[in-house]
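Residues: numbered from 1 along the sequence shown.
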Amino acid sequence: CETFNLALNQERKSEITINGETAGEKKIVVTAENNEVEKKSVIEYQVLDPPSIAVNIAGPPTLSFNQVAKLIINIEKKSFSEPQKVRLTLNGEGFNNIWEIASLDKTTELPVELSNLPLTKKNKFTVNVIWSDKKGKEYATSKELIIIGEAHSFAEQIKMVLNRMINLF
């Protein structure tokens, strides 16, 4: 708070620094008064936090050959600030899917169906998410899901072993 005197038709600029302790929409009331007049103004501003995203991936506990893998990826905004230039990548053996979202303002669910996967005993799916704030600083997170491959015949067991060997190279 600052007090000063102004003559009629004079102007004065004053700056204050406000420490925003919690993110969100804020308001401050500014008052100018003398013996004859009083003027109040409300100034609205935002306190921004680093943009944050939570990612989750879900799928069936097991997969068999000729079965479609139905995965669900959830990305949720966990901050007041909106993550910008969101790039989500789903990686697995033999495939790579990419989604791009300009600005994440709400929880987004991405259903994914994958067929003809080169199944192995342990099938790893990785979701990588990279985003930035409004100033261009980048952030990242990732999540993994492992789904057990099931073989229903000796031929499928051999196929799983061969798929694993191919994925090693």
Side-chain angles (χ1 to χ4, degrees), residues 17-28 42-169:
T17 301
I18 300 171
N19 292 329
E21 297 194 12
T22 57
E25 301 279 342
K26 308 290 181 182
K27 293 180 182 179
I28 187 170
V42 176
I43 299 172
E44 296 180 4
Y45 64 99
Q46 294 180 336
V47 176
L48 300 178
D49 55 352
S52 179
I53 292 177
V55 62
N56 218 345
I57 180 171
T62 60
L63 277 176
S64 301
F65 283 97
N66 299 322
Q67 179 184 358
V68 175
K70 294 181 180 183
L71 307 178
I72 296 179
I73 302 169
N74 282 302
I75 51 174
E76 179 182 1
K77 179 182 98 159
K78 299 297 274 187
S79 58
F80 177 75
S81 299
E82 286 187 12
Q84 306 291 310
K85 298 178 185 173
V86 179
R87 183 178 170 97
L88 185 139
T89 308
L90 174 63
N91 297 309
E93 300 298 337
F95 73 93
N96 185 19
N97 288 353
I98 298 171
W99 293 267
E100 292 183 353
I101 303 168
S103 179
L104 183 66
D105 60 350
K106 62 183 182 195
T107 299
T108 301
E109 182 175 284
L110 302 169
V112 181
E113 291 189 6
L114 303 168
S115 57
N116 299 322
L117 292 173
L119 287 184
T120 62
K121 287 264 188 206
K122 288 185 178 181
N123 301 280
K124 182 167 78 168
F125 301 91
T126 305
V127 176
N128 296 306
V129 185
I130 299 171
W131 68 96
S132 62
D133 61 18
K134 290 186 177 186
K135 293 182 179 178
K137 182 177 178 186
E138 286 196 345
Y139 303 84
T141 189
S142 64
K143 197 72 146 190
E144 285 186 355
L145 173 68
I146 295 180
I147 300 178
I148 304 300
E150 288 185 337
H152 296 292
S153 67
F154 182 70
E156 287 181 352
Q157 287 178 347
I158 298 296
K159 210 172 178 181
M160 279 188 176
V161 170
L162 292 174
N163 284 341
R164 179 69 183 141
M165 290 172 56
I166 290 169
N167 291 332
L168 290 175
F169 299 103

**Message:** Which heavy atom of S103 sits nearest to which heavy atom of Q84, and what is that distance?
**Reply:** OG-NE2, 3.3 Å
**Prompt:** Hey, are the side chains of F65 and N163 touching, using non-hydrogen atoms and a 4.5 Å cut-off?
**Reply:** yes
**Fill in**
Rounding to 0.5 Å, atoms NZ (K77) and CD (E82) come to a distance of 5.0 Å
**Complete:** Sorted by chain and number, sequence neighbours left out, side-chain contact (heavy atoms from CB on, under 4.5 Å) with Q67 holds for L63, S64
**Request:** Give a yes or no on whether the backbone of P51 and the side-chain of W131 come within a donor-acceptor separation of less than 3.5 Å.
**Result:** yes
**Request:** Would you indicate whether the side-chain heavy atoms of V86 and T108 approach each other to under 4.5 Å?
**Result:** no
**Spatial distance of atom CG (L162) from atom OG1 (T120) [nearest 0.5 Å]** = 12.0 Å
**Request:** Please report the closest heavy-atom contact between N123 and P118, naming both atoms and the distance.
**Result:** OD1-O, 4.1 Å
**Complete:** Rounded to the nearest 0.5 angstrom, the CG-CG distance for L114 and N97 is 6.5 Å
**Message:** Listing request: all salt bridge (charged side-chain N to carboxylate O under 4.0 Å, His left out) pairs with a residue in residues 96-123, at least two apart in sequence or in separate chains.
**Reply:** R87-E100
**Complete:** Between the CD1 atom in I75 and the OG1 atom in T107, the distance rounded to the nearest 0.5 Å is 9.0 Å
**Asked** In chain order, what residues pass the side-chain contact (heavy atoms from CB on, under 4.5 Å) check against D49, with sequence neighbours excluded?
**Response** A23, S79, F80, S81
**Asked** With sequence neighbours left out, what residues match K124 under salt bridge (charged side-chain N to carboxylate O under 4.0 Å, His left out)?
**Response** E144
**Request:** Enter the distance from L88:CG to L90:CG here, rounded to the nearest 0.5 Å.
**Result:** 7.5 Å
**Fill in**
Here the pair of heavy atoms bringing I147 nearest to L71 is CD1-CD2, 3.8 Å
**Fill in**
With sequence neighbours left out, the residues meeting side-chain hydrogen bond (donor to acceptor under 3.5 Å, both in side chains) with Y45 are none
**Request:** List for me each residue that meets side-chain contact (heavy atoms from CB on, under 4.5 Å) alongside K85, sequence neighbours excluded, and say none if there are none.
**Result:** S132
**Request:** Provide the closest heavy-atom pair for S52 versus P83 in the form atom of the first, atom of the second, distance.
**Result:** O-CG, 4.0 Å
**Asked** Which atom pair, heavy atoms only, marks the closest approach of A58 to L145?
**Response** C-CD2, 3.8 Å
**Complete:** Across all chains, not counting sequence neighbours, the side-chain hydrogen bond (donor to acceptor under 3.5 Å, both in side chains) partners of E76 are none
**Request:** Test F125 against L117 for side chain to side chain contact (heavy atoms under 4.5 Å, CB included), laying out the working first.
**Result:** CA-CA 11 Å; F125 301 91; L117 292 173; 4.0 Å; yes
**Message:** Which residues pass the side-chain contact (heavy atoms from CB on, under 4.5 Å) test with K143, not counting sequence neighbours?
**Reply:** V55, N56, I57
**Asked** Between atom CG of L104 and atom CD1 of I53, what is the distance when rounded to the nearest 0.5 Å?
**Response** 5.0 Å
**Request:** Identify, with sequence neighbours excluded, every residue that meets side-chain hydrogen bond (donor to acceptor under 3.5 Å, both in side chains) alongside K26.
**Result:** T22
**Message:** With side chain to side chain donor-acceptor pair (under 3.5 Å) as the rule and sequence neighbours excluded, what pairs involving residues 153-162 come up?
**Reply:** none
